[in-house]
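If you're wondering where the values come from, they're calculated on a predicted model, not measured in any experiment.
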Amino acid sequence: MTRLAIILAALGAVACASGVGPTQTPAESARPSGPREARPAVTWVRSIGGLPVLDEAGAPYSQPFLGGFNIPRPQLVDIDADGDDDLFVQEESGEIMFFEHVADAAAPGDPGARYVWRSDAYQDLDVGEWYRFVDLDRDGDPDLLSEEPFSYLRYYRNDGTSRAPRFVLAGDSLKDAGGEPIFSDRQNIPNATDIDCDGRTDLFIGRLVGTLTRYEEAGAEASGVPRFDHVTDRFQDIEIVAQIGSKHGANTMAWGDIDGDGDEDLFWGDYFEPGILFIENNGTCQTPSLRSEPLPFPTDEPLRTSGYNAPTVGDVEGDGDQDLLVGVLGGAYNPNTTTVDNFHLIERTGPASFEKRTSRFLRTLDFGAESVPVVIDLDGDGDLDMLVGNKIEQSDTQNGKLYRLLNEGTARAPRFRIDGSLDVGGGYHLLPAFGDLDGDGDEDAVVGTWEDALRLYTNVATDGSIDLTLTDSAFLTLTRGRNAAPALGDVDADGDLDLFVGESSGALNFYENTGGPMAPEFRLISDEFGDLDVGRRSLPVLYDIDADGDLDLVVGSESSGVHLFRNQGSLSAPDFVHDGTLDIADFGFAAPAFADLDGDGVDDLILGGGRGGLWLYQGRR
């Protein structure tokens, strides 16, 4: 039994002895005697575009529930030999997302719509901190280089075909001609190409001092894994010196014939460089010459970001010329300012002209970082809307927001549109919990922030919508920890709302409502409730996950998944017992919410995440 179960059982015994029993709620009075029977279990199925969502201007998101992007590392490559470039993006350590180029998926004004999500973890390949597709064995299909932790080069050989690739680990570290593993600092993302058209692969590694090391293929081991001769640590005397304080830093690079003259040009992104640097190859395919001055790109209107930019060259729009995609990893210029605008398309528009088309290449819901969803009827029209809180605004790095997503459709045919924000004052990590706290029949709110105090808001609307006014800016203060994450629910079936609060340590605080439904008084029972702990950043939701008539605890976390604490007690004397984590993809920070968003009678699971977007898992029985 948890401490709450013991305390409530004792209170119930005192009440019975005095002849006064707890108030019976409708749910409890309707509940049959004997063992409770749960409905069939729900299976949650990942959906990228399962519900239509529009931006504030009314334009649809082509793939709204990708989860957002914070540090996209893209590469364009024709992985299925169908004549167009597909897209890979690394956002999480150890895995790469795959987007197939589907020509008939294109949408006017949305160049990214032709790239359709297929997988978050392509072939379950472990790629460490970086990856590069390159035909290392020169058999006509792309192989894969990636990081071998820590800071070496892993080689996956493509043992499939050009149309149906199959990547097999061939070498856990590429070696030089003397048999020594080649070192590449994991923050310096290397690349490979045949720079001099001699039929041998050249491997390039950027160094923290701003120079470029070149290795050239020199035979192979008995297993067929190539070895490389060290050629130089100062290829073409290239030295990248950033604009601030003559600094060098972590770097990325891409090779590509951007000007169509038959040789490979170089693009460079540096931690201390606010944009992309272009070094034109003024030589030939056989005799490269990259001794020209590094220039910001495009030259007419250079890209400017928070730094450490990851470029890739390819035919994005299928029009026969080479474009540039750039992911922003965030360098010396405040990464908080590029938590949303971080995936740029620079399109070739003429023989020597390039134009920035978009800073959000794959259109998806993205609120910056550490998004937390709440499902509630915001406008009083009888269907479900959403609020999404974030950690911080890229345009206002002193505050976060609560974004409103209104359902402009119906309960059974929803269509959500971003409609400004709900004003609950400033602060980071804004997170509301809703419930009727004054007995007037509408939804009031307890709001947590990154601090240790919780705010109390009263709903002053009279039409069933939500219009909050601040009642108390610190009506409760946590005894320890920060990042207050509240959840309201009647866990003891006495007719009023009790309060759980998650916080930074991963523990749960429980406050019993000893006041009543119209004048709540929250009394701290425990700041380590039941010794329940999810590691860090507990984000609780009270939800009857097994449909047995009582509230369970579902708790998101920073890095250990979404935990289920099943109520194995009763309506009036709960006993929360850990029952593992939900069977969904593990992607770090996870903030759950449950609701029947599509009106099919089965609740769906919507998750906020560290990348600032939303993940939708539609419920199925």
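Comment: E56 does not engage R404 in a salt bridge, judged by the lack of any side-chain N to carboxylate O separation of less than 4.0 angstrom. For D600 and R620, the salt-bridge test passes: some basic side-chain N is under 4.0 Å from an acidic carboxylate O. Using a 4.0 Å cut-off between a side-chain N of Lys or Arg and a carboxylate O of Asp or Glu, D383 and R412 do not qualify as a salt bridge. By the 4.0 Å N-to-carboxylate-O rule, R46 lies close enough to D120 to be salt-bridged with it. Salt bridge present: D546 and R566 bring a charged side-chain N and a carboxylate O closer than 4.0 Å. By the 4.0 Å N-to-carboxylate-O rule, R163 lies too far from D82 to be salt-bridged with it.
Considering every non-hydrogen atom in both F65 and L365, the closest pair reads CE2-CD1, 4.0 Å. Nearest heavy atom pair, residue A106 against residue R114, reads CB-NH2, 3.8 Å. Between G67 and T364, the shortest heavy-atom contact is N-OG1, 4.2 Å. When all heavy atoms of P540 and A487 are compared, the pair lying nearest together is O-CB, 3.5 Å. Across Q123 and P165, no two heavy atoms sit closer than the pair NE2-O, 3.0 Å. Across all non-hydrogen atoms, the minimal contact from Q90 to E129 is OE1-O, 3.4 Å.
Between V501 and L478, the closest side-chain pair of non-hydrogen atoms falls below 4.5 Å. In this structure the side chain of V316 never reaches within 4.5 angstrom of the side chain of D85, judged on heavy atoms. At least one side-chain heavy atom of L303 sits less than 4.5 Å from a side-chain heavy atom of H344. Between D550 and D548, some side-chain heavy-atom pair lies under the 4.5 Å cut-off. Residues W117 and L66 have side chains in contact (heavy-atom distance under 4.5 Å, counting atoms from C-beta outward). Within the 4.5 Å cutoff, the side chain of L387 has heavy atoms near those of the P432 side chain. Using a 4.5 Å heavy-atom cutoff, the side chains of V328 and F343 are not in contact. The side-chain heavy atoms of L76 and L325, taken from C-beta on, include a pair separated by under 4.5 Å.
Here the side chain of D86 pairs a donor or acceptor atom with the backbone of I79 at under 3.5 angstrom. A donor-acceptor distance shorter than 3.5 angstrom exists from the side chain of D498 to the backbone of V491, with no hydrogens or angles considered. Using a distance-only test at 3.5 Å, with no hydrogens or angles considered, a donor-acceptor pair links the side chain of Y428 to the main chain of T397. Judged purely by atom type and a 3.5 angstrom limit, D552 uses its side chain to pair as donor or acceptor with the backbone of N567. For the pair R611 (side chain) and I71 (backbone), a donor-acceptor distance under 3.5 Å is absent. In this structure, D442 contributes its side chain and G464 its backbone to no donor-acceptor pair below 3.5 Å. The backbone N or O of R537 sits nowhere less than 3.5 Å from a side-chain atom of S504 that would complete a donor-acceptor pair. With D385 contributing its side chain and L378 its backbone, the two residues share a donor-acceptor pair below 3.5 Å. Distance alone, capped at 3.5 Å, is enough to place a donor-acceptor pair between the N407 side chain and the R415 backbone. Panel note: side chain D579, backbone L564; no donor-acceptor pair is recorded below 3.5 Å.
For the atom pair N483 CG and T449 OG1, the distance stands at 8.0 Å (nearest 0.5 Å). Rounding to the nearest 0.5 angstrom, the gap separating the CG atom in N309 from the CZ atom in R304 is 10.5 Å. Here the straight-line distance linking atom CZ of R73 with atom CD of E92 works out to 8.5 Å at 0.5 Å rounding. Considering OG of S465 and CG of N459, their distance stands at 6.5 Å, rounded to 0.5 Å. Here L169 contributes atom CG and L144 contributes atom CG; the two are 10.0 Å apart, rounded to the nearest 0.5 Å. Here the straight-line distance linking atom CG of L87 with atom CD of E100 works out to 11.5 Å at 0.5 Å rounding.
Classification of the F510-F500 ring pair by plane angle, with boundaries at 30° and 60°, yields tilted. Under the 30°/60° scheme for interplanar angles, the aromatic rings of Y403 and F367 are found to be tilted.
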Between V388 and V372, is the side-chain contact (heavy atoms from CB on, under 4.5 Å) condition met? List the steps. CA-CA 5 Å; V388 182; V372 180; over 6 Å; no

Candidate pair L402 and V424, rule side-chain contact (heavy atoms from CB on, under 4.5 Å), full reasoning: CA-CA 8 Å; L402 279 174; V424 292; 3.6 Å; yes

Check the pair D55, R363 against salt bridge (Lys or Arg N to Asp or Glu O under 4.0 Å), reporting the backbone distance first and the verdict last. CA-CA 10 Å; D55 65 17; R363 275 183 57 78; 3.1 Å; yes

Given Q394 and D341, is the side chain to side chain donor-acceptor pair (under 3.5 Å) satisfied, shown in steps? CA-CA 9 Å; Q394 70 170 13; D341 292 296; 2.3 Å; yes

Determine whether T349 and E347 satisfy the following criterion, side chain to side chain donor-acceptor pair (under 3.5 Å), listing intermediate values before the conclusion. CA-CA 6 Å; T349 56; E347 181 188 1; over 6 Å; no

Go through D323 and D315 one step at a time and tell me if the side-chain contact (heavy atoms from CB on, under 4.5 Å) criterion holds. CA-CA 6 Å; D323 310 298; D315 185 2; 3.9 Å; yes

Kindly indicate, with the supporting measurements, whether the criterion side-chain contact (heavy atoms from CB on, under 4.5 Å) is fulfilled by F529 and L553. CA-CA 12 Å; F529 172 70; L553 266 172; 4.2 Å; yes

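Just one residue in the list R357, H101, R348 forms a side chain to side chain donor-acceptor pair (under 3.5 Å) with E317, and that residue is R357. Q618 pairs in a side chain to side chain donor-acceptor pair (under 3.5 Å) with only one of the listed residues (D604, T43, D596, D598), which is D598.
Side-chain atoms of N390 and S371 include no donor-acceptor pair closer than 3.5 Å.
Ring pair Y617/W44: centre-to-centre distance not below 6.0 Å. Here the two rings, on F88 and F99, have centers that are 6.0 Å apart or farther. Two rings, from Y115 and F361, have their centers less than 6.0 Å apart. Ring-centre distance between F133 and F167: below the 6.0 Å cut-off.
Few gaps surround CZ on R118; more than 12 heavy atoms of other groups in view lie less than 6.0 Å from it. Atom CG of D583 has 12 or fewer neighbouring heavy atoms from other residues, nucleotides or ligands inside a 6.0 Å radius.
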